[in-house]
Amino acid sequence: MVRGLLIIEFSRGWVGVEVLDSPFQINGRVEHQIFSTFTALGRYFHVHVAVSQRSNKISLWNMEESSVPSPEQKVAASASGPNRQCTETFGEDDGDRNLSGSEQTLDPALLEIKRKWELEQKELKKKISLEDDRNVEKMLSNPDSDTFYVGGMDISFVKGDDVNACAALVVFSFPDLEVVYEDYQMIQLTQPYIPGFLAFREMDFMIQLYNNVKENNTQYTPQVIMVDGNGILHPRGVGSACHLGVLLDVPCLGVAKNLFFIENDIDRNEEHMEQIASLKQSGDTFPLVGSSSGITYGKALKSCEKATKPVYVSPGHKISIDSATELVHRCSKYRVPEPIRQADLNSREYLRVNFKDGS
DNA sequence: GCGACAG
DNA sequence: ATCTTGTCGC
């Protein structure tokens, strides 16, 4: 029997609840499901929480007030109510619960890093080329006289673990779209995620993945790489696809599943929503033009018939906006183009199978 | 000042 | 980025 302490925040402070559990299965993993009732502020509350063994966290699935002091322990009692997904550490009291609500105080050391990184990006920007590499021209124009290779990269994370992750490279032949090469590496992250500086967190590992193919399976070295994120669609015009492209001197493009806001320039405003609504069929696009700068950053693309939300394509290096968009479209069986989609799915599976709280 | 902010 | 379940529709 496991006991734990559930901390629920009320406007007036914190309330602790002692809970008992019962094991159950989710996706093959043993988890714990907990029902409990407690009183606070003179009222009764029923809570339904889950415990993840791997991350050692509990998450609140559902909580409702009741006039009855005894809970009804129905399985799957959490339908579609306002599921507050707050999580807290489960188990021994480690003393330091950093629960201060808004502790996003700007760290001066962080500001220093940002300044340094901005300078690096400024230098990198000078080297970006938005013209098609010869191989890009060939692969998009040649019917199927030759086989080319497109690589997709992605990194998957372990929930509740800010260090361990899995970096993936999956290479597809083009235009027939068959997997010809894949590589998954457990990695340890050292840098934080800061919007606008994603490359500094992930790029070293992607460079390593590229070097691996090039050295060990040269024949499958991709002529173009697709990155999960943005190319020039970025506040300083230097998204992670630009970093990778310039550092490797290889054609690179970014595919983002969400629009990256650029202050006073790119916004998810009403006009944008109308433009999305105007995308009719697979292959339809509209340009992403900065409202104040006039810069064309890339294109929003309806990548397949079923996709309701577009994908945001922008060149990183050695490829034009139009070619990047066409290539993404021709690689899309679903909303996310196959190279990135496979890298995403497979790296997640890799973590699930090979990573058990260590090793 | 606050909120918004690729992965 | 990460977690879950249920439901709808082709």
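Throughout, a chain's letter reflects where its sequence line sits, starting with A, and its residues are numbered from 1.
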Quiz item: In whole angstrom, what separates A:Ile155's CD1 from C:dA1's P?
Solution: 12 Å
Exercise. Count the heavy atoms of every other residue, nucleotide or ligand shown that sit under 6.0 Å from CG of A:Asn212, and state whether that count exceeds 12.
Key: yes
Self-check item: Interatomic distance where CG belongs to A:Asp344 and C1' belongs to B:dA6 [whole Å]
Solution: 14 Å
Quiz item: Is the shortest distance from a Lys or Arg side-chain nitrogen in A:Asp154 or A:Arg341 to a carboxylate oxygen in the other one below 4.0 Å?
Solution: no
Quiz item: Is the backbone of A:Glu131 close enough, under 3.5 Å, to the side chain of A:Ser129 for a donor and an acceptor to pair up by distance?
Solution: yes
Exercise. Check for a donor-acceptor pair, side chain of A:Ser173 on one end and backbone N or O of A:Asp176 on the other, with a separation under 3.5 Å.
Key: no
Quiz prompt | side-chain hydrogen bond (donor to acceptor under 3.5 Å, both in side chains) assessment of A:Asn258 paired with A:Tyr312 | solution = CA-CA 7 Å; A:Asn258 294 291; A:Tyr312 300 95; over 6 Å; no
Quiz prompt | Parallel, tilted or perpendicular: rings of A:His272 and A:Phe286 (30°, 60°) | solution = perpendicular
Quiz item: If you measure from the Lys or Arg side-chain nitrogens to the Asp or Glu carboxylate oxygens, is any gap between A:Glu112 and A:Arg115 under 4.0 Å?
Solution: yes
Self-check item: Presence of A:Tyr312 side-chain N/O under 4.0 Å of B:dA6 phosphate oxygens OP1/OP2
Solution: no
Quiz item: Quick one: A:His243 NE2 to B:dG7 P, roughly how many Å, whole number?
Solution: 16 Å
Quiz prompt | Base-pair map of DNA chain B as dot-bracket, where | denotes pairing with a different strand and pairs are Watson-Crick or G-U under 3.5 Å | solution = .......
Practice problem: Rounded off to whole Å, could you give me the CG-to-P distance for the A:Leu288 and B:dA6 pair? | Solution: 15 Å
Quiz prompt | Stacking check A:Phe157 vs C:dA1 (5.5 Å / 30 deg) | solution = no
Quiz item: Separation of A:Met226 atom CE from B:dG7 atom P, in whole Å?
Solution: 13 Å
Quiz item: Whole-Å distance between C:dA1 C1' and A:Asn258 CG?
Solution: 11 Å
Quiz item: Just wondering, do A:Phe261 and B:dA4 stack (centres under 5.5 Å, planes under 30°)?
Solution: no
Quiz item: A:Lys159 side chain: which of C:dC3, B:dA6, C:dG9 is closest?
Solution: C:dC3
Self-check item: Main-chain N/O of A:Tyr149 paired to A:Gln223 side chain as donor or acceptor, under 3.5 Å
Solution: yes
Quiz item: Nearest-Å distance, CZ (A:Arg268) to P (B:dA4)?
Solution: 10 Å
Practice problem: Could you pull out the closest heavy-atom pair between A:Pro222 and A:Val250, with the gap in Å? | Solution: O-CG1, 4.3 Å
Practice problem: Grab the CD-C1' distance between A:Glu263 and B:dC5 for me, whole Å please. | Solution: 10 Å
Quiz prompt | First of A:Lys306 and A:Arg348 reached from the 5' end of DNA chain C, by closest nucleotide | solution = A:Arg348
Self-check item: Ranges pairing with ranges for DNA chain C, where each run has three or more Watson-Crick or G-U pairs under 3.5 Å
Solution: none
